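Read through the structure below, which is laid out as structure tokens, and then see the notes.
Here the structure is a predicted model, which is why all the values come from computation and not from measurement. Note on naming: letters A, B, ... go to the chains in the order of the sequence lines (proteins, then strands), and numbering restarts at 1 for each one.
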Protein chains: 2
Amino acid sequence: MKSDEMDAVFAALASEPRRRILDILKKEPGCNVSRVCGFFDIGRIAVMKHLAALESANLVVSEKAGRERRLWFNPVPIHMIYDRWTTEFSDYWAGRLARMKYRLENAPVPLARAKGGARG
Amino acid sequence: MKSDEMDAVFAALASEPRRRILDILKKEPGCNVSRVCGFFDIGRIAVMKHLAALESANLVVSEKAGRERRLWFNPVPIHMIYDRWTTEFSDYWAGRLARMKYRLENAPVPLARAKGGARG
DNA sequence: CCGATATGTCACCTTCCGGTGACTTATAAG
DNA sequence: CTTATAAGTCACCGGAAGGTGACATATCGG
């Protein structure tokens with residue numbers, strides 16, 4: 001997966017309405033654009049732009065059926081990221097994570113550990 | 001994990017320079033801002049803005065040590081998303097994925113099945 | 001103190017994003 | 001044909017993102 005493809009996927013996911021669209025398409029696979037619009041207060045053009053972002057990230061695929069466009073959620077890009085994370089962060093997931101969580105969540109800005117005690 | 005926290009995490013990850021910063025901090029935990037800047041062609045202010053985005057997503061934590069600011073990668077938000085995906089997409093990961101991959105990767109825009117075949 | 005280094009802050013610019021309305025095209029239905 | 005519906009395209013606007021330089025602040029070293 002190339003870097004700009006990752007950009008597109010993460011950017012697409014970085015928006016609550018777009019994540020919601022994915023939920024809708026999971027529940028109603030093959031529904032059309034108007035149907036998706038029905039779940040939102042924003043206008044149709046805005047929804048179509050969100051769909052365009054999702055399609056360019058390959059998180060949504062569509063096919064034209066008559067005058068409608070039918071939409072499906074595509075889990076493949078998310079699965080690829082998931083797989084990558086499995087290997088990329090396996091060290092952290094096992095054991096090292098506990099220490100990090102201690103360091104990071106309990107001691108946000110603990111000034112104390114400056115340099116070698118060279119304080120003056 | 002709240003929705004706007006997700007927004008922040010995904011938005012932070014939707015940028016190659018910011019993902020690269022995470023890689024740097026994994027390899028050099030505790031390094032300072034200038035050190036990170038050394039890996040980039042863009043200016044220091046731009047790097048600091050990227051760091052601010054990462055910190056606001058809680059993907060990076062820092063502590064002030066003298067005149068320096070030391071930086072660490074925080075895997076916790078990624079781990080939370082990973083865990084969520086495990087449950088959220090487990091249906092797709094198992095079996096249903098194969099069918100989707102067929103449908104989606106071999107037939108990107110298969111206009112052919114529009115009206116004739118009544119999809120299912 | 002004084003100079004050098006590391007970082008923080010501010011104003012500014014350009015580009016992209018998310019939203020809008022107006023209009024066009026394509027299909028369905030009569 | 002006509003009319004209604006689904007979708008696509010275009011221009012526009014406000015605000016946020018990503019970059020810059022100039023300047024301010026804090027710390028280290030002598």
Check your understanding: Less than 4.0 Å between a side-chain N and a carboxylate O, is that true for B/D23 and B/R20?
Key -> no
Review point. Would you call B/R69 and B/E55 a salt bridge, taking side-chain N to carboxylate O under 4.0 Å as the test?
Key: yes
Revision key, fill the gap. Separation of C/dC17 atom P from A/I45 atom CD1, nearest Å, is 18 Å
Study note, to complete from the structure: Note: for B/M48 and A/V47 on DNA chain C, the residue whose nearest nucleotide lies more 5' is B/M48
Point to revise | Between C1' of D/dC12 and NZ of A/K49, the distance in whole Å | key: 10 Å
Check your understanding: Does atom CZ of B/R19 have more than 12 heavy-atom neighbours from other groups under 6.0 Å away?
Key -> yes
Study note, to complete from the structure: The answer to which of A/E68 and A/P17 contacts DNA chain C further toward the 5' end, by nearest nucleotide, is A/P17
Exercise for review: May I have the distance from B/R69 (atom CZ) to D/dA26 (atom C1'), rounded to whole angstrom?
Suggested key: 14 Å
Check your understanding: Would B/K26 and A/D91 pass as an ion pair if we require N to O under 4.0 Å?
Key -> no
Practice item. Measure from NZ on B/K64 to P on D/dA26 and round the result to the nearest Å. Key: 10 Å
Review point. Base, sugar-phosphate, or nothing: which does A/I42 touch, judged by heavy atoms less than 4.0 Å apart?
Key: sugar-phosphate
Point to revise | Closest-nucleotide 5' rank along DNA chain D - winner of B/A11 and A/N32 | key: A/N32
Check your understanding: Could a donor-acceptor pair under 3.5 angstrom be found where the side chain of B/R44 meets the base of D/dG19?
Key -> no
Practice item. Specify the separation, in whole Å, of atom CZ of A/R70 and atom P of C/dT27. Key: 16 Å
Check your understanding: For the pair made of CG in A/L71 and P in D/dA6, what is the distance, rounded to whole Å?
Key -> 14 Å
Review point. Distance check: side-chain N/O of A/S34 vs OP1/OP2 of D/dA7, anything under 4.0 Å?
Key: yes
**Study point:** Aromatic plane relationship, A/Y82 with A/H79 - under 30° parallel, 30 to 60° tilted, over 60° perpendicular
**Key:** parallel
**Study point:** Any donor-acceptor N/O pair under 3.5 Å between C/dT5 base and B/R67 side chain
**Key:** yes
**Study point:** OP1 or OP2 of D/dG18 under 4.0 Å from side-chain N/O of B/S15
**Key:** no
**Study point:** Distance in angstrom units between B/D7 CG and D/dA17 C1', rounded
**Key:** 15 Å
Review point. Contact class for A/R18 (heavy atom, under 4.0 Å): base, sugar-phosphate, or nothing?
Key: sugar-phosphate
Check your understanding: A/H50 NE2 to C/dT20 C1': how many Å, rounded?
Key -> 13 Å
